[in-house]
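What follows is one structure encoded as structure tokens, with my remarks underneath.
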Amino acid sequence: MNAINLNITFEQYAGISELTLADKTLCECAEKALRTSYSPYSKFRVGTAIRLASGEIILGSNQENLAYPSGLCAERVALFSIGATYPDAVIESMAITAQTDNFEILKPVTSCGGCLQVMVEFERKQNKPIEVIFYCLNGEVLKVPSVKSLIPFAFVEDRLER
């Protein structure tokens with residue numbers, strides 16, 4: 001038996017004012033994406049902004065549906081939009097934030113497992129890390145250099161590509 005320890009490296013900031021201008025702008029775009037959230041059931045809005053290598057920023061927001069689980073998370077809305085519209089685009093980074101009127105969110109909200117798996121697929125497809133910023137409105141920011149560090153046991157099966 002071998003005991004193996006996994007470590008994750010990330011940066012922690014007190015707020016977006018400590019970020020570079022490009023990262024701060026991406027967080028502000030994620031905040032704008034919150035306005036397009038359709039979340040009448042959970043009242044939990046999530047916004048994502050993704051910066052492509054071209055400099056273009058693509059937005060996504062969560063879209064709920066009464067026929068649960070037919071809705072879709074903000075990250076997947078934005079990523080699938082990129083896949084359909086810009087299939088060869090390279091994603092540099094993405095920022096994710098959340099908001100609700102039901103309670104105060106005090107820590108950055110991270111992506112669900114389904115979104116992480118899709119993020120890993122995009123990272124793998126482009127063979128380049130995607131930086132992820134989890135942004136708490138008026139609060140803490142967490143920044144990871146690669147999606148792979150968030151889901152080290154992502155489903156990957158190279159034989160399916162043949």
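We're numbering straight along the sequence, starting at 1.
- Remark: the backbone N or O of Lys128 is paired with a side-chain donor or acceptor of Gln126 at under 3.5 angstrom.
- In the model, Ser37 has no side-chain atom that pairs as donor or acceptor with a side-chain atom of Ser61 under 3.5 Å.
- Side-chain atoms of Arg51 and Ser93 form a donor-acceptor pair, as typed in the model, at a separation below 3.5 Å.
- Ala95 approaches Ala30 most closely through the heavy-atom pair O-CB, 3.6 Å.
- Hydrophobic clustering places Met119 together with Val46 (ILVMFWY residues linked when any side-chain heavy atoms are closer than 4.5 Å, directly or through intermediates).
- In this structure, CG in Asn62 is found 11.0 Å from CZ in Arg76, a value given to the nearest 0.5 Å.
- A donor-acceptor distance shorter than 3.5 angstrom exists from the side chain of Lys125 to the backbone of Pro87, with no hydrogens or angles considered.
- Within 6.0 Å of atom CG in Asn102, more than 12 heavy atoms from other residues, nucleotides or ligands are found, so the atom counts as buried in its surroundings.
- When all heavy atoms of Asn65 and Ala67 are compared, the closest pair comes out as OD1-N, 2.7 Å.
- Within the 3.5 Å criterion, the main-chain N or O of Ser146 finds a donor-acceptor partner in the side chain of Ser149.
- Taking both residues in full, the closest heavy atoms of Gly47 and Ala33 are given as CA-CB, 3.9 Å, listed atom of the first, atom of the second, then distance.
- Side-chain contact between Phe122 and Val147 is absent, with no heavy atoms from C-beta onward closer than 4.5 Å.
- Between Ile96 and the options Thr110, Ile50, Val109, Val132, a side-chain contact (heavy atoms from CB on, under 4.5 Å) holds for only Val132.
- Formation of a donor-acceptor pair under 3.5 Å by the Thr25 side chain with backbone atoms of Leu21 is found in this model.
- Side-chain atoms of Gln99 and Thr97 include no donor-acceptor pair closer than 3.5 Å.
- Contact of the Leu52 side chain with the Glu92 side chain is not registered, since no non-hydrogen atoms from C-beta on lie closer than 4.5 Å.
- Open room surrounds NZ on Lys32; 12 or fewer heavy atoms of other groups in view lie less than 6.0 Å from it.
- The structure places NZ of Lys148 at 12.5 Å from CZ of Phe153, a figure rounded to the nearest 0.5 Å.
- For Ile130 against Glu123, the heavy-atom pair with the smallest separation is N-OE2, 2.7 Å.
- For the pair Cys73 and Cys115, the tightest heavy-atom approach, listed with the atom from each and the gap, is CB-SG, 3.3 Å.
- Grouping the Ile, Leu, Val, Met, Phe, Trp and Tyr side chains by contacts below 4.5 angstrom, directly or via other members, places Leu34 apart from Leu72.
- We find the OG1-CD1 distance between Thr85 and Ile58 to be 7.0 Å, quoted to the nearest 0.5 Å.
- One finds the OH atom of Tyr68 at 10.0 Å from the OG atom of Ser42 (value rounded to the nearest 0.5 Å).
- We find that Lys43 and Asp101 are not joined by a salt bridge, their nearest charged nitrogen and carboxylate oxygen being 4.0 Å or further apart.
- The shortest heavy-atom contact between Leu59 and Ala49 is CD2-CB, 3.7 Å.
- Note that CD of Glu28 is 4.5 Å distant from CD1 of Ile16, once rounded to the nearest 0.5 Å.
- In summary, the side chains of Tyr135 and Glu140 do not present any donor paired with an acceptor at a separation below 3.5 Å, with no hydrogens or angles considered.
- For the atom pair OH of Tyr41 and CD of Glu64, the computed distance is 8.0 Å after rounding to the nearest 0.5 Å.
- If you chain together hydrophobic residues whose side chains sit under 4.5 Å apart, Phe134 and Val120 fall into the same group.
- A distance-only check finds no donor-acceptor pair linking the side chain of Glu75 to the backbone of Thr48 [under 3.5 Å].
- Between Pro145 and Glu131, the closest side-chain pair of non-hydrogen atoms is not below 4.5 Å.
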Next item on the list: Give the C-alpha distance, both sets of side-chain angles, the deciding distance and a yes or no for side chain to side chain contact (heavy atoms under 4.5 Å, CB included) between Ile151 and Gln117.
Entry: CA-CA 8 Å; Ile151 186 167; Gln117 182 66 49; 4.2 Å; yes
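- Linking ILVMFWY residues whenever their side-chain heavy atoms come closer than 4.5 Å, directly or via other members, places Leu142 and Ile8 in the same cluster.
- Tyr13 and Met94 fall into different hydrophobic clusters, where Ile, Leu, Val, Met, Phe, Trp and Tyr side chains are chained together by heavy-atom contacts under 4.5 Å.
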